[in-house]
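For reference, positions follow the sequence shown, starting with 1. Counting starts at 1 for both ligands and their atoms, in listed order.
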Amino acid sequence: MLARSRCTKNGQEGSGPVVYWMSRDQRAADNWALLTAQQLAVERARPLVVLFALAPSYPLAAKRHYHFMLAGLRETAASLAKHGIPLVVLPGDPPAAVARWLAEQDACLVVHDFDPLRHKRAWVNAVAGCVAAPMLEVDAHNIVPCWLASPKLEYGAYTLRPKLQRLLPHYLTPFPPLRLHPVPAAAALGQPDWEWLEKTVVCPDQPGPVMDKRPGAGAGLEQLQSFLADKLPHYHESRNDPLKKVQSGLSPYLHFGQLSAQRAALAVLSAAPGGASTEAFLEELIIRRELSDNFCYYQPQYDTINCAPSWARDSLERHRSDPRPVLYSPAQLEAAQTADPLWNAAQTELTHSGAMPGYLRMYWAKRLLEWTERPEEAQRLALLFNDRYALDGRDPNGYAGVAWSLLGVHDRPWFERPIFGKIRYMNASGARKKFDVQRYIQETTQAFSSTPTALFPCDGPR
Ligand code: FAD
Ligand code: FO1
């Protein structure tokens, strides 16, 4: 188990409980960080407490995301309670609240989630700077711990794949169950007051919750089961056809850590050990997903144009002044008011349902390069819309997906053309070869009558 962890801070063990500071991996089952914390607590005959720092606001998160996360955390708290482990939710500035609580409890040691994102690393560093207890980081999100998979920024899937394939036999192993914790925690810790906690969040009301996506670990496992039963066999041939709906829909559960990617991989391998669909799905779930973490971990500029490889940066620079046939304002784009009905339909689906089919996400981002004055603006808007509306947004997969679409990250140079330079081009006639574009537009337009505009309600950025 300890092969998935590393020391982030040496320190003096306190007299209090072993603490697992949960953040990215918000589940009780199939969680290597929680299992590690339990093992360390059992060895020391200490209580185990799980801590969650509830930030009053989180970059670009809205009611849609907090609703999904808090409902999932309630379920996690109930599962933990059945194992004799309390979940303490601390509202307020995360590093300050966590550091204060650890000091008050004289924590024995702290186990925390690995997260490659800048602001999350800053939280951990701030806590490490002011607590006395030792801290241990566990990568409970990736199957192969990010820092062990590769020690450097990878060029693409083709360079990370062999490294992961070498290590997967050691890491893609079954999970031991979480045990009933033998040492009880202080009764005074009580149960979180969820209604009160919800009121401490000050995020925008719009976009609101997605009603047809049930949050939580149980719903994530059900979604996995229905994917295995109905969709996996068709994944290889139909995943790029939004009308066939054979993608798993697991990304929100994976993003909030309500489902473990390792659990999903094990379930797929047990349901369908071989074949093109299993291979195609595991390529996305393991290689592409872990490549995104590699990108954000080793590329501090993951959300700026400086993350582009040099061939792409030079090429975009050469085409910076190319005339754009049409420019749309952020408000027009957010309201899906372009002359491209396919793009409008994809944007409408995103804003209403918090999701967009994978193939369309690439097309959607790439068109922004043609409709904005500079690639920097295309990247800014792609991330802004993705992170504000997508249930799975604010994730390394999003930063890597946008950088792939607009900036050639993890891709190769293609034929030179206006505006795009050597960045891979996609257009509506390419989409028409993959699926019935007209039907997708019709179905989406019928399902969602208008496009909500939470970011740019009137023309011009707020
Ligand atoms: P499935 O096809 O069922 O795949 C299963 C899982 O594999 C996904 O849940 C995801 O964890 C992983 N995966 C699939 N495709 C990719 C990929 N291209 N890169 C990395 N991992 C992948 N994914 C997010 O999770 N959050 C985002 O904010 C996000 N933004 C994106 C923005 C753009 C512009 C692009 C091009 C891609 C983005 N992706 C993002 C990646 C991908 O489109 C989604 O993960 C996928 O469509 C989610 O649907 P699913 O769970 O049904 O995927
Ligand atoms: N993690 C936390 O530890 N505390 C939060 O308050 C919090 C809010 C939040 C809101 C939206 C969202 O998408 C994720 C959120 N996370 C939060 C989870 C976590 O930080 C992210 O999943 C990772 O950073 C993704 O790598």
Side-chain angles (χ1 to χ4, degrees), residues 21-26 51-62 64-70 72-73 89-95 97-98 112-121 123 141 157 197 200-201 203 223-224 227 231-232 235 239-240 242 245-259 261 264-265 268 280-293 295-297 346 350 354-366 368 379 382-383 385-387 389-406 410 426:
W21 174 15
M22 171 186 277
S23 174
R24 194 186 191 196
D25 292 282
Q26 302 170 13
L51 206 56
F52 186 85
L54 181 63
S57 65
Y58 187 88
L60 284 167
R64 172 170 291 174
H65 315 107
Y66 272 101
H67 165 83
F68 196 85
M69 183 176 83
L70 286 168
L73 280 170
V89 182
L90 299 175
D93 173 51
V98 169
H112 62 91
D113 290 332
F114 165 79
D115 195 321
L117 297 186
R118 191 184 301 124
H119 56 286
K120 298 297 300 300
R121 290 163 79 171
W123 288 7
H141 214 76
L197 285 165
T200 66
V201 174
C203 67
Q223 181 96 21
L224 174 61
F227 170 69
K231 299 175 175 183
L232 176 62
Y235 189 82
R239 68 185 185 280
N240 287 332
K245 299 187 186 340
V246 300
Q247 283 191 276
S248 67
L250 291 175
S251 57
Y253 302 104
L254 293 168
H255 167 72
F256 288 102
Q258 296 172 359
L259 175 70
V268 164
F281 182 73
L282 294 181
E283 170 71 15
E284 304 296 350
L285 179 77
I286 303 179
I287 311 295
R288 295 281 163 181
R289 206 179 46 81
E290 304 210 352
L291 181 63
S292 300
D293 260 36
F295 172 61
C296 291
Y297 185 55
L350 172 69
M356 190 191 291
Y359 177 83
L360 283 173
R361 271 180 134 153
M362 301 184 262
Y363 173 80
W364 170 87
K366 282 176 182 287
L368 293 172
Q379 185 187 25
L383 289 175
F385 295 148
N386 190 65
D387 287 357
Y389 285 106
L391 205 43
D392 66 9
R394 305 150 308 282
D395 191 275
N397 285 348
Y399 300 111
V402 168
W404 179 90
S405 306
L406 302 177
H410 301 150
M426 281 171 82

Should V201 and S57 count as side-chain neighbours, where that means a heavy-atom distance under 4.5 Å?
-> no

Is the closest heavy-atom distance from F281 to ligand 1 below 4.0 Å?
-> yes

Out of D293, L285, N397, V402, the nearest non-hydrogen contact to atom 45 (O) of ligand 1 is supplied by N397

Only heavy atoms count here, so choose which of A261, A280, S248, A157 is nearest to atom 3 (O) of ligand 1.
-> S248

Does S292 come within less than 4.0 angstrom of ligand 1, counting non-hydrogen atoms of the residue?
-> yes

Is Y399 in contact with ligand 1, taking contact as a heavy-atom separation below 4.0 Å?
-> no

Best match, E284, R394, Q223: closest heavy atom to atom 22 (C) of ligand 1 = E284

Sort out the contact shell of ligand 2: every protein residue with a heavy-atom distance below 4.0 Å, listed by chain and number.
-> S23, R24, Q26, F52, A53, L54, A55, Y58, A61, M69, D115, L117, K120, W123, H255, F256, R394, P396

Which bit of L254 is near ligand 1, meaning a heavy atom under 4.0 Å away: side chain, backbone, both or neither?
-> side chain

Geometric N/O contact S405 with ligand 1, under 3.5 angstrom = no

M362: numbered ligand 1 atoms lying under 4.0 Å from its heavy atoms | 36 (C)

Ligand 1 contact on D387 by region, counting heavy-atom pairs under 4.0 Å | neither

How are the rings of F114 and Y297 set to each other: parallel, tilted or perpendicular (split at 30° and 60°)?
-> perpendicular

Within-4.5 Å side-chain heavy-atom neighbours: H65 and Y58 | no

